[in-house]
Amino acid sequence: MELLAPAGSPEALTAAVQAGADAVYLGFGPLNARRNAKNFTREELEAGVAYCHLRGVKVYLTLNTLLTNRELPLAAETGAWASDLGIDAVLVQDLGVARLLRRTCPDLPLHASTQMTVHSLDGVRACADLGMTRVVLSRELSADAIADLCARSPVELEVFGHGALCMCYSGQCFLSAVLGGRSGNRGLCAQPCRLAFRWPGEKTPSHPLSLKDLSLAGALGQLEEMGVACLKIEGRMKRPEYVAVVTGIYAAALRQGREPTQAELAQLEAAFSRQGFTQGYFRDQKGPAMFGTRPQGARDPADLFDQARRFYTRGEHRTVPVSLTAQVQGEMPMVLTARDPAGHTAVVQGPCPQAARTRQTTVDQVAGQLRKTGGTVYQAHQVQVDLAPGLSVPLSAVNSLRRQALEELDRARTQPPARRTLPFVPVAPERGRAGAPAFTLSFRRWEQLTPDCLDQGPALVYLPCQELPGHEDALRRWAQAYPDIGFGVVLPRVVWDRELPRLRRELEAARQAGVTQALLGHIGQLPLARSFGLIPRGDFGLGLTNDETAAELARLGFASATASFESRLAQIRDLSKPLDLELLVYGRLPLMLMEHCILRNRGQGCHCQDKPQSLGDRKGEHFPVEPAWGCRNELFNAKPLWLADKTDWRTAGAAYARLAFLREGPGECARVFRAYREGAGEPPRAFTRGLYYRGVE
């Protein structure tokens with residue numbers, strides 16, 4: 001099982017390599033999910049790749065953010081340069097970036113970032129179909145789920161083993177973007193989930209969104225037995241000493257086929273923790289015990305970090321075993337062959353030996369000089385000398401031959417593989433529909449859907465899949481009464497494989513009710529929707545921010561796709577539209593999708609049927625917390641998006657404009673719809689324009 005360590009800076013890369021990492025992951029430039037890390041300059045990355053490859057360590061480059069059209073040429077340039085440099089793989093989140101790199105760097109391996117929210121076998125298979133050779137699984141998965149995926153996955157699977165846990169499924173968090181304009185999907189998460197919040201009726205704030213750090217120490221053998229290809233350590237924002245300590249402990253345990261000792265566990269906690277560690281997700285034991293905060297005034301362990309720094313800055317701890325074979329024969333140039341375990345070979349020649357006048361050179365003398373590999377990454381594992389008798393060989397010549405051979409071996413080990421690089425040709429832009437978009441309505445609850453809304457003539461109506469069982473007959477009657485309206489079902493963005501039987505039952509109810517459309521938040525749901533004969537439409541969770549992604553979604557067979565609400569209207573207007581575009585124009589924007597039920601965490605029992613709950617922040621805003629499919633929770637924005645009085649979204653080329661209703665009553669739903677249809681109406685007391693005008697960093 002490969003051990004993958006973070007390298008947020010050149011010093012952290014050195015720390016990770018010297019501590020025993022098999023691979024490192026790092027960022028270059030602005031197109032990665034840790035833009036606030038030091039990251040690497042071009043020169044530093046070139047040196048870092050050579051440093052790693054010389055020591056047999058792989059390098060993975062993170063290009064795992066959502067990109068705009070303006071950034072696509074830079075992504076193509078970065079990918080081409082990384083491919084030529086010999087980067088071992090690139091991690092991606094953006095479907096468009098994956099498509100772009102497949103065209104411009106067809107030989108460069110791609111890994112699906114955890115930002116792609118892959119949590120099911122269909123999701124893994126979808127990534128494999130996109131050309132990914134490895135998938136980084138969502139951190140929320142249990143041991144049983146991981147084991148099942150390992151047994152059936154067509155590609156390698158990577159699992160987070162240590163470090164910070166996000167409260168939201170990675171790739172589905174918009175909290176930082178909406179609150180502060182710093183997008184986690186673009187590498188600038190401000191970590192608002194670590195802040196204090198207050199439940200209704202509580203005077204003392206708490207931290208219901210702050211998870212303890214993960215540590216799978218004690219489960220390393222179990223992960224290896226499952227067939228996990230790679231264990232990943234989180235921490236590109238951490239200092240190099242932290243990287244050295246954590247990497248060293250896991251590397252030693254894996255190398256020795258054991259679990260970390262109690263002393264090592266104490267060092268892990270001292271290096272960094274939030275009131276200890278958790279294995280709650282892995283053990284399938286979610287609850288309040290998984291939550292914690294960094295103690296106020298906590299300091300780094302000076303002695304432990306000083307010791308770590310001395311270790312990785314002094315001496316070479318990553319030696320490569322090498323076999324050296326010398327041929328020393330009379331009247332022929334000396335020949336030295338150096339081989340490493342990976343099959344790299346270097347052959348160099350030296351001067352011809354002379355006949356000995358007084359004392360002949362011995363095999364042991366030549367071998368002794370060849371073993372002097374100090375100051376290099378090599379350690380002479382095997383030395384063989386074929387020396388003819390009666391010869392005199394200057395030991396300085398043997399030393400020179402050894403240096404030449406090892407330098408040649410350096411070049412062989414750091415030589416980039418031959419890869420193709422093709423020019424980036426932007427997709428031909430396609431215009432969207434002319435005129436104002438047709439309206440679509442999404443309801444959270446069945447009771448919100450009434451003839452008052454249907455009579456106003458929406459093009460599409462979406463209902464959550466869990467709301468349809470028991471209402472098949474009523475929906476069928478409405479579908480017959482309103483033949484010009486399409487009815488669709490909203491699939492949960494997260495559905496584990498063990499939850500598929502329930503979802504299939506709900507989709508069967510949808511089919512019996514006459515539903516013809518499916519709104520999908522993940523590409524892995526395409527086969528399921530098609531198996532029920534439903535027309536697939538893409539939701540905001542797919543991260544549509546550029547032309548390449550739009551082209552990819554069209555290729556995959558989506559009838560429409562929802563533009564990311566992190567984009568500005570101007571960017572959406574400029575998007576190529578090879579498929580119908582949908583735009584969110586009303587509603588409380590979804591901010592976090594959580595595996596936890598934080599409503600249940602408040603006390604004993606389930607609170608899904610209680611009165612609506614909200615989290616209050618330090619500014620007095622109240623964020624609705626709603627039960628989500630699968631006993632999960634979803635956090636929504638405190639203020640609804642309101643654009644009824646605006647006109648520019650009507651000319652952005654979108655085919656559809658969606659009004660998303662959350663807690664509104666039936667009458668309020670009809671009133672809001674009427675306001676948008678008429679372009680007037682009383683806005684809510686407090687509302688937001690979202691990110692359509694201010695955008696995100």
Side-chain angles (χ1 to χ4, degrees), residues 432-465 467-468 471-472 474-491 510 513-521 529 534-540 558-563 565 572 577 579-590 640-647 649-684 690:
R433 291 192 186 182
F439 286 102
T440 67
L441 309 178
S442 70
F443 299 98
R444 192 75 174 186
R445 304 187 312 278
W446 171 264
E447 293 76 15
Q448 294 171 311
L449 175 59
T450 64
D452 287 346
C453 282
L454 297 177
D455 288 341
Q456 297 184 55
L460 289 166
V461 170
Y462 300 120
L463 284 163
C465 57
E467 291 293 303
L468 294 181
H471 298 289
E472 296 93 333
L475 188 58
R476 192 182 303 111
R477 287 193 297 270
W478 273 342
Q480 293 170 354
Y482 298 92
D484 294 333
I485 299 176
F487 288 87
V489 61
V490 182
L491 271 65
V515 168
T516 59
Q517 322 279 326
L519 190 60
L520 314 181
L534 301 174
I535 298 172
R537 298 185 179 276
D539 206 353
F540 62 86
F558 283 90
S560 65
T562 308
F565 54 76
I572 294 172
K577 301 173 179 69
L579 74 173
D580 284 343
L581 190 72
E582 189 164 359
L583 190 64
L584 275 166
V585 296
Y586 171 81
R588 294 179 185 267
L589 296 175
L641 174 67
W642 180 264
L643 299 176
D645 56 330
K646 293 286 189 177
T647 59
W649 57 269
R650 300 175 189 267
T651 58
Y656 302 106
R658 190 191 312 171
L659 312 181
F661 298 110
L662 184 69
R663 291 180 174 177
E664 293 87 349
E668 180 68 5
C669 294
R671 187 194 71 79
V672 169
F673 188 12
R674 188 170 296 108
Y676 272 79
R677 286 179 60 247
E678 297 173 355
E682 188 68 24

Task: Residues forming a ring-ring contact (aromatic ring centres under 6.0 Å, His included) with Phe565, sequence neighbours excluded - done: Phe174, Phe540

Task: side-chain contact (heavy atoms from CB on, under 4.5 Å) against Pro464, all qualifying residues, sequence neighbours excluded - done: Gln466, Glu467

- [ ] Kindly compute the distance separating OH (Tyr586) from CG (Leu662), expressed to the nearest 0.5 Å.
- [x] 9.0 Å

TODO: Could I get the full list of side-chain hydrogen bond (donor to acceptor under 3.5 Å, both in side chains) partners for Arg445, not counting sequence neighbours?
DONE: none

Task: salt bridge (charged side-chain N to carboxylate O under 4.0 Å, His left out) against Arg650, all qualifying residues, sequence neighbours excluded - done: none

Open item on the list: Please enumerate all residues that pass salt bridge (charged side-chain N to carboxylate O under 4.0 Å, His left out) together with Arg476, with sequence neighbours excluded.
Closed with: Asp473

Open item on the list: Which residues pass the side-chain contact (heavy atoms from CB on, under 4.5 Å) test with Ala479, not counting sequence neighbours?
Closed with: Phe487

Open item on the list: If the condition is ring-ring contact (aromatic ring centres under 6.0 Å, His included), which residues does Phe443 pass it with, not counting sequence neighbours?
Closed with: Phe661

TODO: Look up atom CD1 in Ile485 and atom OG1 in Thr516, then write down how far apart they are to the nearest 0.5 Å.
DONE: 11.5 Å

Open item on the list: Once salt bridge (charged side-chain N to carboxylate O under 4.0 Å, His left out) is applied, do any residues pair with Arg671, and if so which ones, sequence neighbours excluded?
Closed with: Glu668

Task: Counterpart residues, side-chain hydrogen bond (donor to acceptor under 3.5 Å, both in side chains), relative to Glu472 (two or more places apart) - done: none

Open item on the list: Test of understanding: with side-chain hydrogen bond (donor to acceptor under 3.5 Å, both in side chains), list the residues that count as partners of Arg677, not counting sequence neighbours.
Closed with: Gln456

Open item on the list: Applying side-chain contact (heavy atoms from CB on, under 4.5 Å), can you list everything that pairs with Ala680, at least two apart in sequence or on another chain?
Closed with: none

- [ ] Hey, could you give me the OH/CG distance between Tyr656 and Leu584, rounded to the nearest 0.5 Å?
- [x] 15.0 Å

Task: Arg588: salt bridge (charged side-chain N to carboxylate O under 4.0 Å, His left out) partners, not counting sequence neighbours - done: none

